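Working notes, beginning with the structure itself.
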Number of protein chains: 2
Amino acid sequence: MKDSFWQEHLCYLGFRLTVPRKIVINILKETEKHLSAEDIYVKALKINPSIGLTSIYRTLLLFTKINVVQKHDFGEKKARYELINNPLKKEHHHHLICTRCKTVIDYADFMKEEVELMTKTENKLSKKYHFKIIYHTVHFYGLCVKCQKLA
Amino acid sequence: MKDSFWQEHLCYLGFRLTVPRKIVINILKETEKHLSAEDIYVKALKINPSIGLTSIYRTLLLFTKINVVQKHDFGEKKARYELINNPLKKEHHHHLICTRCKTVIDYADFMKEEVELMTKTENKLSKKYHFKIIYHTVHFYGLCVKCQKLA
DNA sequence: TTAATTGCAAACGGTTTGCATGGGC
DNA sequence: GCCCATGCAAACCGTTTGCAATTAA
């Protein structure tokens with residue numbers, strides 16, 4: 001009884017489709033925010049009060065490994081997680097982070113130029129430093145509209 | 001008895017030039033690495049065994065606030081710190097991070113183009129999202145020469 | 001059936017805090 | 001001498017781990 005692409009993917013890779021895993025997928029599927037493990041846990045409890053925080057962590061770890069979820073670090077002490085739409089071809093975006101309220105905006109505008117330059121730079125850096133580059137992050141930190149008014 | 005630019009800066013801002021603060025400055029001055037609080041503490045103990053980890057943290061917090069030190073987050077659970085050469089005009093660089101051994105390479109090559117594009121993007125993003133951008137980070141994650149051979 | 005996965009509780013590791021003591025100006 | 005700053009110990013908080021019980025296939 002698989003009711004989503006991600007669930008199929010899980011089974012395809014030989015992992016069991018357990019209650020906590022279904023719940024985590026459904027929660028992530030229904031938000032465009034970057035949720036922390038705690039955020040997910042709180043939402044999960046409402047669906048199934050017997051779920052444990054540990055399973056959330058273990059599920060997220062697994063999902064990160066198999067490229068179903070991307071783990072983000074925005075400079076808070078906690079990590080944040082985001083569903084990757086398609087495990088085979090993940091959509092790439094960069095981030096705009098409010099240092100005051102921690103809001104994160106994904107942007108994919110203006111990306112063509114950025115991606116071009118990033119690729120070019122990656123190639124140059126790989127050669128010069130003999131680094132095998134796997135991924136990159138671009139984060140702009142600042143103040144969102146609301147926080148500009150408050151600060 | 002100020003023996004460095006940063007120490008003068010500290011006093012200028014009205015902060016006391018205490019033993020732990022001198023030691024932290026000297027340690028950071030003599031490395032091109034990004035040290036963690038623990039790294040600094042271990043080095044500091046060799047200079048003055050009565051120093052406490054807490055002071056290292058408090059010193060780094062202060063230094064970060066007054067732009068003497070830059071705090072970095074490279075996705076480990078601990079933060080890393082780097083002296084900013086000149087508090088008035090900090091030199092900008094991007095990072096190349098080995099996900100396996102956590103080595104960090106600063107690069108400033110190819111930066112002209114990158115900085116140009118970043119500035120352009122910053123302007124566009126500011127307008128579109130009404131964000132006041134304060135700084136950005138560009139991190140390339142991958143494997144360094146050594147770890148490519150081992151992995 | 002039976003190995004994978006869970007929930008609990010306890011450990012962990014980096015960082016922060018409260019408080020009495022001590023050191024710079 | 002007066003505070004600012006320190007060192008210690010304990011708290012904190014997100015995350016991980018050991019283990020016995022449970023569950024999906």
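In what follows, every chain begins at residue 1, and chains take the letters A, B, ... in the order their sequences are listed. Treat the numbers as computed from the prediction; the structure is a model and nothing was measured.
First and last contacting nucleotides of DNA chain D toward chain B (any atom under 4.0 angstrom from a heavy atom, 5' to 3' order): D/dC3 to D/dA9.
Not counting sequence neighbours, the partners of B/Glu76 by the side-chain hydrogen bond (donor to acceptor under 3.5 Å, both in side chains) test are B/Arg80. With sequence neighbours excluded, the residues forming a side-chain contact (heavy atoms from CB on, under 4.5 Å) with B/Glu122 are A/Phe140, B/Ile133, B/His136, listed by chain and number. Every side-chain contact (heavy atoms from CB on, under 4.5 Å) that B/Leu62 has, sequence neighbours left out, goes to B/Leu10, B/Phe15, B/Arg21, B/Ile66. Scanning for side-chain hydrogen bond (donor to acceptor under 3.5 Å, both in side chains) contacts around B/Tyr57 gives an empty result, with sequence neighbours left out. Legend: residues meeting side-chain hydrogen bond (donor to acceptor under 3.5 Å, both in side chains) with B/Asn48, ordered by chain and number and at least two apart, are B/Ser50. Partners of A/Glu113 by salt bridge (charged side-chain N to carboxylate O under 4.0 Å, His left out), not counting sequence neighbours, listed by chain and number: B/Lys120, B/Lys124. Listed by chain and residue number, A/Asp109 satisfy the side-chain hydrogen bond (donor to acceptor under 3.5 Å, both in side chains) test with B/Tyr129 (two or more places apart in sequence, or in another chain).
Near DNA chain C, meaning a heavy atom under 4.0 Å from it, residues 47-59 of chain A has A/Ser50, A/Ile51, A/Gly52, A/Thr54, A/Ser55, A/Arg58 in order of number.
Under a 4.5 Å side-chain heavy-atom cut-off, the cluster of Ile, Leu, Val, Met, Phe, Trp and Tyr residues that includes A/Leu117 is completed by B/Leu117.
With rounding to whole Å, A/Leu60 atom CG is found 15 Å from C/dT6 atom C1'. Atom pair A/Leu61:CG and C/dA4:C1' shows a separation of 15 Å (rounding to whole Å applied). Atom CG in A/Leu10 sits roughly 13 Å away from atom C1' in C/dA4 (whole-Å rounding). Rounding to whole angstrom units, NZ of residue A/Lys22 and C1' of C/dT6 are separated by 15 Å. Protein atom OH of B/Tyr41 is 13 Å distant from nucleotide atom P of C/dG14, rounded to whole Å.
Between the side chains of A/Asn123 and A/Ser126, no donor N or O sits under 3.5 Å from an acceptor N or O.
Aromatic ring pairs are classed by plane angle as parallel below 30°, tilted from 30° to 60° and perpendicular above 60°; the pair B/His9 and B/Phe5 is parallel. Taking the six-membered ring for Trp and thresholds of 30 and 60 degrees, A/His72 and A/Phe74 have nearly parallel ring planes, at less than 30 degrees apart.
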Discussion item. Can you build the contact string for nucleotides 20-25 of chain C? Use B for base contact, S for sugar-phosphate-only contact, and - for no protein heavy atom under 4.0 Å.
Written reply: ---BBS

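In this structure, the helix from C/dT1-D/dA25 to C/dC25-D/dG1 shows an angle of 30° between the axis at its start and the axis at its end, each fitted on 5 base pairs and rounded to 10°.
Checked against B/Tyr107 for a side chain to side chain contact (heavy atoms under 4.5 Å, CB included), the options B/His93, B/His94, B/His95 give a single hit: B/His94.
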Worksheet item: When you look at A/Leu35 and A/Lys43, which way does the side chain to side chain contact (heavy atoms under 4.5 Å, CB included) test go after all the steps?
Response: CA-CA 10 Å; A/Leu35 302 178; A/Lys43 284 176 189 286; 4.0 Å; yes

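A residue-by-residue look at A/Leu62 and B/Ala37 shows that A/Leu62 has its nearest nucleotide of DNA chain C further toward the 5' end.
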